[in-house]
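For ligands, and for the atoms within them, numbers begin at 1 and follow the listed sequence.
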Amino acid sequence: MAFYEQEVGVLIPEDKLQARVKELGAQITRDYAGKELTLVCVLKGSTFFAMDLARAVDLPLTLEFLGVSSYQGGTETTGEVRITTDVSKPMAGKHLLIIEDIIDTGLTMSFLLENLRARHPASLKLCSLLEKPSRARTKIDIDYKGFVIDDLFVVGYGLDFAEKLRNVPFIGVMKGK
Ligand code: XMP
Ligand code: MG
């Protein structure tokens, strides 16, 4: 029995996740054909998704990583975001595709889009595995979206509970929460 089985129930099983990642990869492959693509992976939650997605994109691409931290007011993000790890190269003139795990209130992504747009990329689009529209506080256009979910706290496939459970291989919900 896996270490998480008592604690975590399945919301989106592994085979559904992987099938959707393949579809998104094929779509991105078509859309960016002939262009030099840079995936900007948002640490740490998007990394499992981003690494699977990168392998599903049949194009030469570059990986960059960006760490952000949202200031918390109680359990809610306040919308004040800080970059904790920046990308390694200038982003000017590049075709950037941000890879995120989840858009919840949208406040983190609103900051990130504005921050990256100010660096004058050739293009800027967003790919998010999950969206929780019921919690949106600002409108974020997601160019490539994996799944829309209800207002549940989810873990696994990169998403954590107090930094743990990222290595659960599916999107899960905590039992009894
Ligand atoms: P906002 O509200 O700014 O938040 O869109 C985005 C960030 O909050 C985290 N987040 C979650 N993390 N399970 C998690 O493990 C969740 O259900 C969840 N909802 C939001 C996540 O880091 C995301 O980037
Ligand atoms: Mg995140």
**Report entry** Per-atom contacts, ligand 1 versus Thr105 - under 4.0 Å to a heavy atom
**Finding:** 1 (P), 2 (O), 3 (O), 5 (O)
**Report entry** Val42 and ligand 1 - part of the residue with a heavy-atom distance under 4.0 Å
**Finding:** neither
Query raised in the report: Is the shortest side-chain N to carboxylate O distance from Glu114 to Arg117 below 4.0 Å?
Result: no
Query raised in the report: Of all the heavy atoms in Gly106, does at least one lie under 4.0 Å from an atom in ligand 1?
Result: yes
Query raised in the report: By number and element, which atoms of ligand 1 are closer than 4.0 Å to a non-hydrogen atom of Thr108?
Result: 1 (P), 3 (O), 4 (O), 6 (C)
Query raised in the report: For ligand 1, which atoms, with element, lie under 4.0 Å from some heavy atom of Asp101?
Result: 23 (C), 24 (O)
Query raised in the report: Does some side-chain heavy atom of Val81 sit less than 4.5 Å from a side-chain heavy atom of Leu112?
Result: no
Requested in this report: Indicate the ring-plane relationship of Tyr144 and Tyr32, choosing parallel, tilted or perpendicular according to the 30° and 60° boundaries.
Outcome: tilted
Report summary line: Note: ligand 1 atoms sitting under 4.0 Å from heavy atoms of Leu152 are 17 (O)
Query raised in the report: Between Ser70 and ligand 1, is there a nitrogen or oxygen pair with a distance under 3.5 Å?
Result: no
Requested in this report: Give me the other members of the hydrophobic cluster that Met1 sits in, counting Ile, Leu, Val, Met, Phe, Trp and Tyr linked by side-chain heavy atoms under 4.5 Å, directly or via other members.
Outcome: none
Query raised in the report: Can an N or O of Leu159 be found at a distance shorter than 3.5 Å from an N or O of ligand 1?
Result: no
Requested in this report: Using modelled atom types only, decide if a donor and an acceptor are shared between the side chain of Asp143 and the backbone of Cys127 within a distance under 3.5 Å.
Outcome: no
Query raised in the report: N/O to N/O below 3.5 Å, does that happen between Val155 and ligand 1?
Result: no
Query raised in the report: Does Val148 sit in a hydrophobic cluster with other residues, and if so which ones, taking ILVMFWY side chains as linked at heavy-atom separations under 4.5 Å, directly or through other members?
Result: none
**Report entry** Residue Asp160 vicinity, atoms of ligand 1 by number, heavy atom under 4.0 Å
**Finding:** 14 (C), 15 (O)
Requested in this report: Before giving the answer on side-chain hydrogen bond (donor to acceptor under 3.5 Å, both in side chains), spell out for Ser70 and Thr108 the whole-Å C-alpha distance, their side-chain angles and the decisive distance to 0.1 Å.
Outcome: CA-CA 7 Å; Ser70 311; Thr108 305; 3.2 Å; yes
Query raised in the report: Under a 4.0 Å N-O cut-off, is there an ion pair linking Asp86 with Arg119?
Result: yes
Query raised in the report: Heavy-atom contacts under 4.0 Å between Lys132 and ligand 1: side chain, backbone, both, or neither?
Result: side chain
Query raised in the report: How does Glu100 reach ligand 1, if at all, at less than 4.0 Å between non-hydrogen atoms: by side chain, backbone, both, or neither?
Result: side chain
